[in-house]
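Have a look at the structure below, then the notes.
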There are 2 protein chains.
Amino acid sequence: MLTDMDYYTPGQMAERFDLTLDTLRYYEKAGLLRQVERAPSGHRRYRADDAELLHLIRCLRDTDMPIARLREFAELVRAGDHTIPERVEVLQSHQRRLDEHIAELRVRQAAIQHKIEYYLGVLAENGHRAPEDDSPIGHTHPTDHTSRSVEEAL
Amino acid sequence: MLTDMDYYTPGQMAERFDLTLDTLRYYEKAGLLRQVERAPSGHRRYRADDAELLHLIRCLRDTDMPIARLREFAELVRAGDHTIPERVEVLQSHQRRLDEHIAELRVRQAAIQHKIEYYLGVLAENGHRAPEDDSPIGHTHPTDHTSRSVEEAL
DNA sequence: ACTTGACCTGGAGCGCACTCCAGGTCCCAT
DNA sequence: ATGGGACCTGGAGTGCGCTCCAGGTCAAGT
């Protein structure tokens, strides 16, 4: 038996999961949340299990699961407990893609770091050799930075 | 002095960095690449330093730097070597945001993992107690999965 | 002379995930 | 009874990053 205290208002849900009322409604329309119960006033009231699902949805969205896949997942949830094995597979496959994604981010990050260090090298060199060329009219030696390292190209 | 061999065709650039000719032109229009030289035919020809910059752009895009910030960075590059300190700051600040982003992904991933393990727990329990309820008409005990763990809610 | 393939242009269109808005209802406190 | 605040609806609009297209040029091969 549920009392008033067992429900959350749209505002509470929005605040708790840091999203807007619009987004909340959008998720409902998109099928991520079931058609939510209403108070006599017509206002939505969310239950604990809506919050639980929304929490997971938030995690999955934050890790870039597209809305369409989230809708499929939400349908599994609505279909009942016998879909738990399928849900596990969906989540595990998501985790694997996430691992790959993070790995790729790290690779890119390393490449950027390499560039930063190249720049720092240029600065160190200029620092104790030539002060700085800032002639007002500029536009000098346009190929200077290529002379440094050839492998920079790939 | 540059010979024909020192240039890359649009097709070569596209293949090398795994993007389309359209994207390459889009990047140019958006100011990520300078107005590129043309062969007498009108076809673009890219130099080694275009490739070098595009490589960095690719890394930055792959780590979600927006086009607008990339354009700013590209403007620094065009402005000459005296902007290197600024470029370093841009890149370092990007690295920091990237660190934070990866950290957040890991947090979300852990939360998802927690859910997976919760599901696996349910399966293990059902596995050696009740085989499965798949009565054709379904729609039974809709609150069963809430009974398990209250802290699941946040 | 003809075809093929690589590339060109300007501009329209697309997919995604929201985000905004006008106009309305309901409830509560002054 | 009036005002304010929280929420409602349907539908249009937004921003981003491409992506596609029609119609054209150019150079090389057959």
Side-chain angles (χ1 to χ4, degrees), chain A residues 4-5 7-47 50-51 54 56-74 94 97 101 104 108, chain B residues 4-5 7-47 50-51 54 56-74 94 97 101 104 108:
Chain A
D4 276 11
M5 292 307 294
Y7 291 106
Y8 304 104
T9 67
Q12 285 168 337
M13 291 289 272
E15 159 140 41
R16 182 163 178 181
F17 297 108
D18 192 34
L19 29 82
T20 68
L21 296 182
D22 274 324
T23 301
L24 220 40
R25 287 190 287 259
Y26 168 73
Y27 282 178
E28 187 177 334
K29 263 189 216 163
L32 309 199
L33 268 31
R34 72 177 202 307
Q35 293 287 87
V36 143
E37 286 159 61
R38 302 310 179 94
S41 65
H43 291 194
R44 286 170 178 79
R45 10 189 238 189
Y46 297 91
R47 294 186 316 226
D50 293 319
L54 188 55
L56 182 55
I57 285 171
R58 197 56 166 109
C59 289
L60 293 169
R61 273 299 301 134
D62 285 352
T63 51
D64 298 309
M65 182 177 287
I67 299 290
R69 215 182 308 274
L70 275 161
R71 200 201 50 242
E72 288 168 21
F73 183 83
H94 181 70
R97 265 175 295 123
H101 181 58
E104 200 202 307
R108 302 300 175 205
Chain B
D4 277 11
M5 291 308 294
Y7 290 106
Y8 304 103
T9 67
Q12 284 169 340
M13 291 290 272
E15 159 139 41
R16 184 164 178 179
F17 298 107
D18 193 33
L19 28 81
T20 67
L21 296 181
D22 274 324
T23 301
L24 220 40
R25 286 189 288 259
Y26 169 73
Y27 282 178
E28 187 177 334
K29 263 189 216 162
L32 309 198
L33 269 29
R34 72 175 201 307
Q35 293 287 85
V36 142
E37 287 158 59
R38 303 309 178 93
S41 65
H43 291 196
R44 287 169 177 81
R45 6 188 244 189
Y46 297 91
R47 294 188 316 227
D50 293 318
L54 188 55
L56 182 55
I57 286 171
R58 197 56 166 111
C59 289
L60 294 169
R61 273 302 299 136
D62 284 352
T63 51
D64 299 307
M65 181 177 288
I67 297 292
R69 216 184 304 277
L70 275 160
R71 199 200 51 243
E72 288 167 20
F73 183 83
H94 181 69
R97 265 174 296 124
H101 181 57
E104 201 202 306
R108 303 301 175 203

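Numbers restart at 1 for each chain; the letters A, B, ... are given by sequence-line order, proteins then strands. Quick caveat: nothing in here was measured; it's all calculated off a predicted structure.
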Looking at every heavy atom in both A:Gly31 and A:Ala74, which two are closest together, and how far apart are they?
O-CB, 3.5 Å

Per-nucleotide protein contact string for nucleotides 21-30 of chain C, where B marks a base within reach and S marks sugar-phosphate only (heavy atoms under 4.0 Å, - for neither):
-----S----

Between P of C:dA17 and CG of A:Leu32, the distance in whole Å:
10 Å

Would you tabulate the pairs of protein nitrogen or oxygen atoms and nucleotide nitrogen or oxygen atoms of nucleotides 28-30 of chain D closer than 3.5 angstrom?
none

How many Å lie between NZ on A:Lys29 and C1' on D:dC8, as a whole number?
11 Å

Give a yes/no answer on whether the side chain of A:Arg45 brings an N or O atom under 4.0 Å of OP1 or OP2 in D:dC8.
no

For atom CZ of A:Arg71 and atom C1' of C:dC16, their distance in whole Å
13 Å

Roughly how many Å is it from CD in A:Glu28 to P in D:dC8, rounded to a whole number?
8 Å

How far does the helix from C:dA1-D:dT30 to C:dT30-D:dA1 bend, going by the axes of its first and last five pairs, to the nearest 10°?
10°

Heavy-atom side-chain contact between A:Arg47 and A:Tyr7 under 4.5 Å:
yes

Just by distance, do the side chain of B:Arg58 and the backbone of B:Phe17 share a donor-acceptor pair under 3.5 Å?
yes

Rounded to whole Å, please give me the gap between CE in A:Met65 and C1' in C:dA17.
16 Å

If I take atom CZ in residue A:Arg44 and atom P in nucleotide D:dC7, what distance separates them, rounded to the nearest angstrom?
11 Å

Does C:dC7 have its OP1 or OP2 closer than 4.0 Å to a side-chain nitrogen or oxygen of B:Thr9?
yes

Does the distance from a Lys or Arg side-chain N to an Asp or Glu carboxylate O, for A:Asp50 and A:Arg34, drop under 4.0 Å?
yes

Which pair of non-hydrogen atoms, one from A:Leu33 and one from A:Leu54, has the smallest distance, and what is that distance?
CD1-CD1, 4.2 Å

Where is the tightest heavy-atom contact between A:Pro10 and A:Arg44, given as atom of each residue plus distance?
CD-O, 3.3 Å

Would you check if B:Thr20 and B:Arg25 make a side-chain contact, meaning some heavy-atom pair closer than 4.5 Å?
no

May I have the distance from B:Gln12 (atom CD) to C:dA6 (atom C1'), rounded to whole angstrom?
12 Å

